[in-house]
Amino acid sequence: MASVTLRRLSKVFDGGVQALHHLDLDVRDGELLVLLGPSGSGKTTVLRCIAGLEEPTTGEVVIGERVVTHDSPAERDVAMVFQSQALYPYLTVRENIAFPLEMRGLAHAQATRRVLETATRLGLQSVLDRLPSQLSEGERQRAALGRAIVRGPQVFLLDEPLARLDAPLRIELRAEVLALHRAIAATMIYVTHDQAEAMTMGQRIAVLHEGRLRQVGTPEEVYQRPADVHVARFFGTPGMNVLQGRGRAGDKGRVIEAGSLVIPVELSTYEGELQLGIRPEYVGLCAVDQGVGNVDVLVVEPLGSETLVHLNAGGQPLVARLPGFADVRVGTRVGVKVDRRRLYLFDAAGAPVA
Amino acid sequence: MLSTRKLGLGLLSVAVSAPFLYMVSVSLMGESELLRWPPPLLPQKPTFGNYAAALAALPYAKVFLNTAILAGCVMVGQVLTSAAAGYAFARMRFPGRDGIFAAFLATLMLPAMLLVIPRFLLVNAVGWVDTYPGLISTELVSVLGIVLMRQSFLMLPRDVEEAARLDGAGEWTLFWRVMLPLARPAVITLALLAFMDQWRNFLWPLIVTRSADMAVAEVALAQFHSTYSGNWPYQMAAAVLVTLPVWLVCLIGQRYLMQGWRITGAAVRL
């Protein structure tokens, strides 16, 4: 196993599109790091640069102690699981899993043993002689995992491996990948666009947005202390409310005006354009004129354990998450309470304001 | 709209198949039957006598063997050269790649007839006239085959190739063990097209071979024609026998042939 270090990694594609901007990232030995970002954020490009399938325009890729920036994929000793699985369609599961061993010239008896071990670990013993087309989606993804782990590489790269699976299977395989990570104590870099998957899987999460690394931290850190407004919006279902507002000195101290809300804040110096972030769970409803402002109820989504209420706060959308079934009617006007200790303030560019 | 199209296609297929059907019909007639006016469409008393006679008159075993050697060698050769070149043009980076490919494409605009003399001079210079190497060697590379294979390699997903690279496959393993099996439908298509083309090859074998021992199907048929110029049923029986393998290949490989035309169609649009 080995650590992976990216130093000032940039990638500009032939058409002039800059996919990555000076990325610095340290993945520790044995860690499961999730690379999270919306589609087009550059996360797959990062993975491909580490794998050697893409050459960075500038910067370095270091695996363990070795600079591998210009090495071929085979020389790097990394394995990758593709979203499309990329199994060899005309080879059986057994031959698919054996292929990387064969390429490395492992003796036949030893290879056979390793293939069997791997298949047993992944529950593939009964389908070893089938072709990929004869497998279920879950078995195919397991076979792809098997081909990756069989030769015990230094680093595993997983590119949205579960994105194609339906929800129950995804949850099942998610647990299996975690168990696998514990069992082989491998360094894993796991790419996903699903923040829930990132939260449940990652020891640390690296958040990418438009080719820039916005934050690296534990799930708790990125949720509780987002480094900027993009990260804040990205986590949670639904994500953080972000209202466009203005700081100003009012009669009763400083306030932020955002849409129809006027929220008192303890902010010493800042005046002007602000973005006000608040998670839906810290937005409450009350009688008209009793809160920090009045809003119109647009949509009510009862989900059983909670109810999501979509509100219009003077032209700005706001979502409240209320426990259980809330007695709220669409089309009515209600007051809003916010937990002032749970407010996040960002400047107009999206950087946090202390 | 649809029915007009169907009618058009129906008429076309009748126009295309009528001569073949008439060839079979005539091959089953007696010699004198065709002398009547108007000539009959169907035999009055179908007979297989012509076939027996045609088989006796032509050295069929030798002719079929020659044609099979030509078609078989060219088929294998064109598949290998086209696959290798197509792969290089599709997936490898080297200076001048696209320029060279354009030059290859440009040769498709030259009439094949134009090349017959230079080819003969080359073959003659190495002393291969009237031999199998002379017959086969200059047919081993097909630009159309290269275009077909390049296009089918271009259409393959990158994932599997990249997975193989990560697994440690070198360039040759990648080509031979991963990409070529993935391109199998195109390989089969190309093999069928090459086989059929060579089975029907007339001009080149006519020029490069001399002895009756080296005659291929089309050449033998032409000689048969000049020998029995008046006897149409006789000639048609020989023609049916000679074209039989092509018919069979067409019937069995229909799916792949259609696909081949679709792929090259896409390739020409680039």
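Here the structure is a predicted model, which means the values were calculated and not measured.
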Colleague: For atom CD of B:Q254, decide whether the heavy atoms of other residues, nucleotides or ligands shown that lie under 6.0 angstrom number more than 12.
Modeller: no
Colleague: Using non-hydrogen atoms and a 4.5 Å limit, figure out which bit of A:E75 sits close to chain B: side chain, backbone, both or neither.
Modeller: neither
Colleague: Could you tell me if the side chain of A:L53 sits less than 4.5 Å from the side chain of B:L166, heavy atoms only?
Modeller: yes
Colleague: Looking at A:R76, A:Q83, A:R147, which makes the most heavy-atom pairs under 4.5 Å with chain B?
Modeller: A:R147
Colleague: Please determine, among B:V178, B:D167, B:T173, B:V160, the option with the most heavy-atom pairs under 4.5 Å with chain A.
Modeller: B:D167
Colleague: Indicate yes or no: at least one non-hydrogen side-chain atom of B:L182 is less than 4.5 angstrom from one of A:Y88.
Modeller: no
Colleague: Between A:L101 and chain B, with a heavy-atom cut-off of 4.5 Å, which part of the residue counts as in contact: side chain, backbone, both or neither?
Modeller: neither
Colleague: Does the side chain of B:E162 come within less than 4.5 Å of A:R48's, by heavy atoms?
Modeller: yes
Colleague: Between chain B and each of A:P73, A:S84, A:P100, A:A74, count heavy-atom pairs under 4.5 Å; write down the option with the most.
Modeller: A:P100
Colleague: With a 6.0 Å cut-off (strictly less than), is the heavy-atom count around CZ of B:F20, excluding the residue itself, greater than 12?
Modeller: no
Colleague: Would a distance-only check, ignoring hydrogens and angles, find a side-chain to backbone donor-acceptor pair under 3.5 Å from A:Y90 to B:R184?
Modeller: no
Colleague: Is B:R177 salt-bridged to A:E95, cutoff N-O under 4.0 Å?
Modeller: no
